[in-house]
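Report on the structure given below.
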Amino acid sequence: MNSRILQVFQRELTCPICMNYFIDPVTIDCGHSFCRPCFYLNWQDFPILTQCFECIKTTQHRNLKTDIHLKKMASLARKASLWLFLSSEEQMCGTHRETKKMFCEVDKSLLCLLCSSSQEHRDHRHCPIEWAAEEHREKLLKKMQFLWEKACENHRNLNVETTRTRHWKDYVNVRLEAIRAEYQKMPAFHHEEEKHNLEMLKKKGKDIFHRLHLSKAKMAHRREILRGMYEELKKMCHKPDVELLQAFGDILHRSESVLLHMPQPLNLELSAGPITGLRERLNQFRVDITLHHDEANSHIFQYGDLRSICIGCDRQNAPHTTATPTSFLAWGTQTFTSGKYYWEVHVGDSSNWAFGVCNKSWKEKNQNDNIYGKEGLFSLGCVKNDIQCSLFTTSPLTLQYVPRPTSHVGLFLDCEARIVSFVDVNKSSPIYAIPNCSFSPPLRPIFCCIHL
């Protein structure tokens with residue numbers, strides 16, 4: 001083959017980042033190709049949109065498929081390089097003057113066919129060098145893909161802890177103010193209980209803040225370890241076939257060890273002490289709610305939306321969920337335009353539910369949509385992800401770091417003050433009060449239970 005044509009052929013099979021033959025090549029939207037590991041490592045912050053390393057065009061960094069044609073061609077190029085290496089005088093068998101085509105997995109040596117059948121090597125496992133090299137490379141690539149998935153998971157978890165650490169002090173202050181506001185509505189003799197509950201809540205808040213910093217540090221350290229291991233595997237993949245086989249060693253075992261004890265986001269629960277007489281005060285406004293049941297195949301509470309906020313990642317980048325949820329709705333037959341009202345809902349041990357009140361316009365416009373980013377729904381909900389159950393409130397959609405209620409939850413509606421507040425009835429403790437609600441009466445109760 002003409003040397004110039006050969007150079008062009010080799011260039012087309014060479015990654016422009018690492019300047020080696022492609023391993024697990026991917027071709028992005030603009031048509032340029034890279035080794036998958038090189039592409040990943042050069043966009044380490046995991047953005048959804050990235051720029052091409054070659055032409056600077058914007059491209060989607062998701063669901064990249066291996067370019068099978070390029071992969072086969074790069075494999076052929078490596079085989080050609082291997083045979084060029086093996087055909088040299090230095091690689092000829094000194095005893096039989098034959099090309100060393102076989103690899104002994106026991107002593108990592110290259111052998112000719114006759115040597116591999118000798119008494120010394122008869123009981124060893126042998127295979128053709130080119131086949132052994134590709135098999136080892138595929139093992140590395142498979143391990144690298146799993147390692148990268150864990151690195152992405154760790155990155156999402158680190159984002160969770162970073163966001164929660166940044167907002168934690170504000171969240172604690174909001175909880176403190178909510179409890180003070182409840183005690184202001186109670187008789188004066190609750191002063192000592194209020195002081196005790198507030199001090200305990202402050203202490204718990206400081207302890208959790210310290211734990212969040214430690215959790216962040218562990219995840220940041222794990223990120224560097226995972227990246228270092230990934231780069232080591234990538235470097236091994238790019239070695240020439242013979243060098244790869246002889247240097248393989250325990251690299252797979254070591255890559256397994258870095259995946260042990262992966263740090264997970266903390267399960268934050270800022271529980272408050274009971275407020276004596278809270279339920280009795282709210283029962284002054286008690287009403288009985290009559291519900292009209294309906295099955296909503298429209299999935300009004302989209303599981304993916306709720307899950308994305310609970311794991312702290314962008315909605316578009318939320319992990320894929322194969323389960324199909326069915327939402328069972330119950331609308332209140334009553335409507336409210338003014339006054340104060342209180343009612344309770346039994347949630348039991350269910351871990352995917354939401355209830356609250358909504359504007360009439362929200363019910364009409366959004367019955368076939370979902371709650372994500374919608375106004376006019378004022379609710380408390382619970383969603384279970386892979387790790388834990390999380391509580392959230394809507395308008396705006398916000399996580400609530402309190403223990404999941406396991407029996408009755410109370411809702412207090414104050415139309416004039418434009419507040420919807422929720423309490424854990426069994427614990428006699430406030431969960432959250434949604435302030436400055438954009439009510440557009442009449443308001444209607446709503447309950448939704450999600451079955452996955």
Side-chain angles (χ1 to χ4, degrees), residues 36-37 39-51 58-64 144-175 205-231 258-270 302-321 370-373 381-394 396-402 404:
R36 183 187 298 274
F39 186 83
Y40 282 170
L41 288 170
N42 277 269
W43 286 279
Q44 57 182 310
D45 292 329
F46 309 95
I48 296 173
L49 294 176
T50 58
Q51 287 184 325
T58 301
T59 184
Q60 284 270 349
H61 183 191
R62 295 187 68 190
N63 302 322
L64 297 171
M144 289 171 73
Q145 184 59 32
F146 184 67
L147 194 69
W148 188 256
E149 289 169 4
K150 287 297 181 181
C152 291
E153 178 186 319
N154 184 71
H155 179 80
R156 289 193 296 266
N157 291 341
L158 181 56
N159 280 346
V160 169
E161 300 302 65
T162 300
T163 301
R164 297 199 293 186
T165 302
R166 186 166 57 245
H167 299 297
W168 185 252
K169 289 185 178 179
D170 291 337
Y171 180 78
V172 174
N173 288 333
V174 168
R175 290 278 286 152
K206 288 180 180 178
D207 290 344
I208 291 174
F209 188 68
H210 176 66
R211 287 169 54 210
L212 279 169
H213 274 287
L214 290 177
S215 181
K216 269 181 59 182
K218 288 179 181 178
M219 290 176 182
H221 179 60
R222 182 63 54 172
R223 177 183 59 192
E224 298 307 313
I225 292 175
L226 291 170
R227 182 181 176 85
M229 190 71 244
Y230 191 85
E231 289 179 332
V258 303
L259 296 173
L260 299 175
H261 312 298
M262 290 286 291
Q264 298 295 326
L266 298 176
N267 184 12
L268 304 184
E269 291 189 349
L270 188 63
Q302 292 285 5
Y303 181 70
D305 289 339
L306 301 181
R307 191 173 190 232
S308 67
I309 190 174
C310 289
I311 64 173
C313 68
D314 187 277
R315 184 187 178 203
Q316 287 181 295
N317 209 28
H320 179 66
T321 303
N370 61 72
I371 69 169
Y372 195 91
C382 177
V383 63
K384 185 176 183 181
N385 60 35
D386 294 338
I387 303 170
Q388 61 200 26
C389 290
S390 299
L391 292 183
F392 66 92
T393 49
T394 59
L397 193 56
T398 309
L399 283 176
Q400 301 299 329
Y401 301 107
V402 297
R404 177 174 67 92

Atom pairs and distances, side-chain donor-acceptor, residues 214-222, under 3.5 Å, sequence neighbours left out:
| unit_1 | atom_1 | unit_2 | atom_2 | d |
| --- | --- | --- | --- | --- |
| S215 | OG | E161 | OE2 | 2.8 |
| R222 | NH1 | V258 | O | 2.7 |

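- For F146, there are no ring-ring contact (aromatic ring centres under 6.0 Å, His included) partners two or more places apart in sequence or in a different chain.
- Not a single salt bridge (charged side-chain N to carboxylate O under 4.0 Å, His left out) links E269 to another residue, sequence neighbours left out.
- Considering only residues two or more places apart in sequence or on other chains, H213 meets the ring-ring contact (aromatic ring centres under 6.0 Å, His included) condition with F209.
- Here E153 pairs with K150, R156, N157, Q264 under the side chain to side chain contact (heavy atoms under 4.5 Å, CB included) rule; sequence neighbours left out.
- Note that CG of L391 is 12.5 Å distant from OG1 of T398, once rounded to the nearest 0.5 Å.
- To the nearest 0.5 Å, the span separating CE on M229 from CD1 on I225 amounts to 11.0 Å.
- Remark: C382 SG to R404 CZ distance equals 5.5 Å, nearest 0.5 Å.
- Between the side chain of R36 and the backbone N or O of L64 there is at least one donor-acceptor pair closer than 3.5 Å.
- At a threshold of 4.5 Å between non-hydrogen side-chain atoms, the residues L270 and V172 count as touching.
- Expressed to the nearest 0.5 Å, how far OG1 of T165 lies from CD1 of I208 amounts to 11.0 Å.
- Put simply, CE on M262 and CG on N154 are 4.5 Å apart, with the number rounded to the nearest 0.5 Å.
- Atom CG in D170 sits 14.5 Å away from atom CZ in R175 (nearest 0.5 Å).
- Within the 4.5 Å cutoff, no side-chain heavy atoms of Y40 are placed close to those of R227.
- Across every non-hydrogen atom of A151 and L226, the tightest pair is CA-CD1, 3.8 Å.
- Here the closest heavy-atom approach between residue Y171 and residue L399 is recorded as CE1-O, 4.1 Å.
- Checked by atom type and distance alone, the side chain of R164 pairs as donor or acceptor with a backbone atom of L266 at under 3.5 Å.
- Residues satisfying the side chain to side chain donor-acceptor pair (under 3.5 Å) test with Y401, not counting sequence neighbours, are none.
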